Amino acid sequence: MAIKLIETYVKPFISDTEVAKISHLAKASHELVLSREGAGNAFLGWVDLPVGYDKEEFARVKLAAEKIQKNCDVFVVIGIGGSYLGARAAIEFCTSPLYNNLKKDTPDIYFIGNSISPSALADVLRICEGRDVCVNVISKSGTTTEPAVTFRIFRELLEKKYGEEGAREHIYVTTDRSRGKLKQFSTTKNYETFVVPDDIGGRYSVLTAVGLLPIAVAGIDIDKMMQGAEDAREKFTSSDPAANEAVRYAALRNILYNKGKVIEILVSYEPAAQMFAEWWKQLFGESEGKDQKSLYPASVIFSTDLHSLGQYIQDGQRTMFETVIDFKEPNDRISVPDDPHNIDGLNFLSGKTLHDINQRAMTGTLFAHNDGGVPNIVIEVGKRDAYHFGQLVYFFELACAVSGYMLGVNPFDQPGVEAYKRNMYALLGKPGYEEQRAALEARMN
Ligand code: PA5
């Protein structure tokens with residue numbers, strides 16, 4: 001099933017005149033993506049990736065995944081931000097948030113190096129004890145502190161466990177083609193390496209080896225995932241917002257932003273989409289949050305969060321809208337059993353599937369939130385599988401690029417991320433940061 005944009009629950013908040021007014025900008029912004037003349041145009045490799053990806057490397061990813069599945073009980077993925085969120089999102093989306101606990105013939109997968117918490121690392125180290133471990137370190141720059149420190153610790157562990165030669169068979173590196181410390185190091189150590197293409201930034205990289213190796217290790221069909229992305233690329237080619245749902249979505253969210261709806265909440269009724277929402281938040285937050293502009297991307301899982309944040313969304317400040325991902329086909333079918341005694345009064349649900357009930361909860365919530373003044377954009381998609389993951393990724397990447405250009409920012413850089421790093425390096429005494437350290441110390445005293 002192809003992605004479909006449903007506007008029933010946003011229409012009451014947007015006039016045709018507003019849509020007509022912004023359409024020109026949306027169209028021009030999409031044309032800017034296609035003409036490759038906009039800001040950050042060196043990072044548009046994701047646009048044609050679904051058809052132009054490196055087939056030789058793709059085959060090597062599959063072979064490596066098979067080897068890892070055969071040789072390892074635990075697969076440790078080290079990376080942060082765009083170097084881990086997509087893979088984790090895909091695995092949970094296509095299988096389950098409980099992937100590691102399911103009966104399966106693929107390794108358990110742990111994502112680490114995405115924080116500096118000693119406890120998070122210690123937990124994974126304990127889990128690895130007495131088990132065969134493979135590691136995939138992913139860092140485009142090769143210099144990011146969190147994964148670099150974590151990799152040093154795991155490298156030492158694997159070298160102790162398997163010897164230097166043996167460790168080589170358990171370490172896979174995904175990094176820049178030719179630059180950076182990690183690339184140099186991998187060449188010296190002769191590790192198997194995969195490439196983060198120069199023209200694809202971290203948050204747009206899930207359909208490169210960055211995401212594909214961990215996803216394939218989990219036993220997910222990466223051919224189908226690329227097919228989903230390819231079909232989406234073909235479908236979303238027109239620059240006319242009336243004919244391209246990704247451009248239309250970009251236009252709608254910009255209209256709402258201009259009307260003071262400064263928070264966009266991504267909603268799903270499937271807990272398995274929680275990490276997908278984390279990926280989405282990075283995509284939009286890091287791409288658009290610049291020059292004191294942009295929507296704040298938030299997320300909820302309903303109906304869970306209807307019992308925590310539902311009150312606020314219904315009744316709090318009217319500064320938000322929701323974008324609901326509606327999975328039309330359930331991955332599992334469970335029905336409510338009949339009870340002849342009906343002591344719990346639930347027989348009105350007898351025989352109904354949980355999917356049906358979930359769908360009714362969604363429709364009820366859409367109307368309730370509309371009545372509370374919250375516009376809702378609905379994105380209909382088939383089921384949670386590799387194909388639809390590929391489709392959604394391409395849809396949102398394209399919409400994000402178009403939306404960023406509509407906003408007047410460069411959607412492909414992230415200069416703000418450096419601010420904390422500079423201060424952290426200064427405080428840790430990294431050579432070259434002496435002046436900054438003195439300035440921070442003066443501010444602390
Ligand atoms: O999207 C991005 O560019 C970032 O989130 C990066 O992926 C993240 O900062 C990790 O960078 P690197 O892959 O260089 O370690």
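Both counts, for ligands and for their atoms, begin at 1 and track the order of listing. Since this is a predicted model, take the numbers as computed values, not measurements.
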Engineer: Please say whether S141 places an N or O atom under 3.5 Å from an N or O atom belonging to ligand 1.
Structural biologist: yes
Engineer: Enumerate the atoms of ligand 1 whose separation from the nearest heavy atom of S139 is less than 4.0 angstrom.
Structural biologist: 12 (P), 13 (O), 14 (O), 15 (O)
Engineer: Distance under 6.0 Å and angle within 45° of the ring axis: does R60 meet both against F58?
Structural biologist: no
Engineer: In terms of atom number and element, which parts of ligand 1 are under 4.0 angstrom from non-hydrogen atoms of Q282?
Structural biologist: 1 (O), 2 (C), 4 (C), 5 (O)
Engineer: Provide, to 0.1 Å, the distance between atom 3 (O) of ligand 1 and the closest protein heavy atom, together with that atom's residue and name.
Structural biologist: G202 N, 3.5 Å
Engineer: The test is side chain to side chain contact (heavy atoms under 4.5 Å, CB included); show your working for H369 and I313 and say whether it passes.
Structural biologist: CA-CA 7 Å; H369 287 183; I313 298 170; 3.5 Å; yes
Engineer: Cation-pi check for Y433 against R437: NZ or CZ below 6.0 Å from the six-membered ring centre and within 45 degrees of the axis, yes or no?
Structural biologist: no
Engineer: Compare every heavy atom of G81 with every heavy atom of Q282, then report the nearest pair and how far apart it is.
Structural biologist: OE1-C, 3.4 Å
Engineer: Hey, which atoms in ligand 1 end up nearer than 4.0 Å to a heavy atom of I80?
Structural biologist: 7 (O), 8 (C), 10 (C)
Engineer: Could you check whether any side-chain heavy atom of V402 comes within less than 4.5 Å of a side-chain heavy atom of V33, counting everything from C-beta outward?
Structural biologist: yes
Engineer: Tell me whether the guanidinium CZ or amine NZ of K259 lies under 6.0 angstrom from the six-membered ring centre of F13 and within 45° of its axis.
Structural biologist: no
Engineer: Using a strict 4.0 Å cut-off to heavy atoms of G81, name the atoms of ligand 1 that fall inside it.
Structural biologist: 5 (O)
Engineer: Do the charged groups of D326 and K328 touch, with an N to O distance under 4.0 Å?
Structural biologist: yes
Engineer: Checking contacts now, so for atom 7 (O) of ligand 1, which I'm interested in, is there any protein heavy atom under 4.0 Å?
Structural biologist: yes
Engineer: Which residue owns the protein heavy atom closest to atom 2 (C) of ligand 1, what's the atom, and how far is it?
Structural biologist: E286 OE1, 3.1 Å
Engineer: Suppose we measure from atom 12 (P) of ligand 1 to each protein heavy atom; which comes out shortest, and what is that distance?
Structural biologist: T144 OG1, 3.3 Å
